[in-house]
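Everything on this sheet refers to the single structure shown next.
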Protein chains: 2
Amino acid sequence: MSLKHAILVLLDEEPSTGYDLMRKFKGSVGYFWNAKHQQVYLQLKKLNEDGLIHLAIQAQSGKPDKKIYSLSAPGKQALCNWLSTPIEPSKTNDAFLVKLYGGHLSSKEELLAELARHRATHTKTLDYLLGLEQSYRQLPAHQKDKYQYPYLTLRKGIIGEHAWLEWADEAKKEIKK
Amino acid sequence: MSLKHAILVLLDEEPSTGYDLMRKFKGSVGYFWNAKHQQVYLQLKKLNEDGLIHLAIQAQSGKPDKKIYSLSAPGKQALCNWLSTPIEPSKTNDAFLVKLYGGHLSSKEELLAELARHRATHTKTLDYLLGLEQSYRQLPAHQKDKYQYPYLTLRKGIIGEHAWLEWADEAKKEIKK
DNA sequence: GTTTAATATGCAAAAAATTGCATAAAAGGT
DNA sequence: ACCTTTTATGCAATTTTTTGCATATTAAAC
């Protein structure tokens, strides 16, 4: 149950709406955390009920109110407690590798097509992450310090996507063979 | 819901008990699929009820009966259908990176300790996978052909673990800095 | 000899995630 | 003008996963 903690970490960085968090999960932190919007809004509601986050409602003319959440003192405490507790390596469930494992039941054409499709999304993700890296590099020194740890996770994303593409090239050759 | 398909793929390879599957999820295919034993046994029950797998009970003196499951014709059909349906890239949820993202709330010592701990498990996994690769390489040609696709996924595991360790070295330096 | 790990299975309750449905206004494209 | 995407939120039902509990034998370690 770490969506809770993922949200707390993001709210520690800056107060956000559910929609803001969603965008982060779909974008900049999407290579290490994913969640659907329904899940995010539900967790925010629960975290607020538990007093771990504050809610400030910002009225907007015409539009529905914006609900801006921020970390509360107990929330920060809960986050720190979790951070200092060792965790087990996360489990990975990769359906694409399951499909490849049973590759002999497909045709080479189908396998190559799906590999290419996934390759495209990984390339896109890598490009996006490299863009973020450029932004980080252009930051003034004090900002770089602030984002030192997020940047480390970004590097994980970049190295991971590189590795994926490296593997994909190898796999493509091997399937064609 | 791909645990179902992961099980079908493994049963296509060879008839197995729930325990056999579990060992695979903890071992050779653990870098791309994970499941708890309760989940595996439950899925096997459901798959059997749905007629996608066959059950053969092997009595054992004293010990409880061994339940050996194998893929049925409808099961193979269902598997093939799934294999020929494009899937979305799997979502990743990595709690360790969440912790690192909020690294400024921890001490360097704690971060380095946890990094080292995770590094150790990744090193162990890599060694294990390299061992599997050696076994594969020593196989006679026709066996190599049979395991061509599982071997491809194994390569993914190896490249992925290498990348993890590469990143870990970079991260270690950056945290110490 | 006793304890621990491995073999082998499963139910039940709780928590978490997904899927389906739902609303509503603004902004941008054709 | 119309259509699609983006912004912005959420409930309800279902499915999936996790956690806790439960049993019982064998083999190995200490």
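Quick caveat, the model's predicted, so the values are computed rather than measured. Side chains included, hydrogens not; waters and symmetry mates left out as well; all remaining heavy atoms used.
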**Request:** Measure the distance from CG on Asn93(B) to P on dT18(D) and round it to the nearest whole Å.
**Result:** 11 Å

**Request:** Indicate whether OP1 or OP2 belonging to dT7(D) is found under 4.0 Å from a side-chain N or O atom of Arg23(A).
**Result:** yes

**Prompt:** Does a side-chain heavy-atom distance below 4.5 Å link Lys156(A) with Trp164(B)?
**Reply:** yes

**Asked** Hey, is the side chain of Tyr19(A) poking within less than 4.0 Å of OP1 or OP2 on dT7(D), counting only N and O atoms?
**Response** yes

**Lys36(B) vs dT19(D): side-chain N/O to OP1/OP2 distance below 4.0 Å** = yes

**Prompt:** Roughly how many Å is it from CD in Gln43(A) to P in dT9(D), rounded to a whole number?
**Reply:** 16 Å

**Asked** Met22(A) CE to dA8(D) P: how many Å, rounded?
**Response** 11 Å

**Message:** At less than 4.0 Å, is any side-chain N or O atom of Lys66(B) found next to OP1 or OP2 of dA8(C)? Yes or no.
**Reply:** yes

**Prompt:** Any side-chain donor-acceptor pair under 3.5 Å between His118(A) and Glu114(A)?
**Reply:** yes

**Atom pair distance, as rounded to whole Å: CD in Glu49(A) and C1' in dG10(D)** = 13 Å

**Asked** Whole Å only: how far is the NZ atom of Lys46(A) from the P atom of dT9(D)?
**Response** 18 Å

**Asked** Below 4.0 angstrom, N of the basic side chain to O of the carboxylate: do Lys176(B) and Glu109(B) qualify?
**Response** no

**Request:** Please report, rounded to the nearest Å, how far the P atom of dT6(D) is from the CG atom of Asp20(A).
**Result:** 16 Å

**Asked** Is there a donor on the side chain of Gln38(A) or the base of dG20(C) sitting less than 3.5 Å from an acceptor on the other?
**Response** yes

**Prompt:** Can a salt bridge be assigned to the pair Asp127(B) and Lys124(B) using a cut-off of 4.0 Å between side-chain N and carboxylate O?
**Reply:** no

**Item:** Rounded interatomic separation in angstrom, taking NE2 from His37(A) and C1' from dT6(D)
**Value:** 13 Å

**Asked** If you check the Gln39(A) side chain, which of dA17(C), dA8(D), dT17(D) turns out closest?
**Response** dA17(C)

**Item:** DNA chain D: 5'-proximal contact among Ala35(B) and Tyr41(A) (nearest heavy atom)
**Value:** Tyr41(A)

**Request:** Look at the side-chain N and O atoms of Lys45(A) and state whether any lies under 4.0 Å from the OP1 or OP2 oxygen of dG10(D).
**Result:** no

**Request:** Let me know the distance between NZ of Lys26(B) and P of dA6(C), rounded to the nearest Å.
**Result:** 8 Å

**Request:** Mind checking Lys91(B) for me? I need base, sugar-phosphate or nothing, with any heavy atom below 4.0 Å counting as a touch.
**Result:** sugar-phosphate

**Item:** Earlier contact from the 5' end, DNA chain C, for Asn34(A) and Leu42(B)
**Value:** Leu42(B)

**Flag, side chain of Tyr151(A) to backbone of Tyr136(A), donor-acceptor distance under 3.5 Å** = no

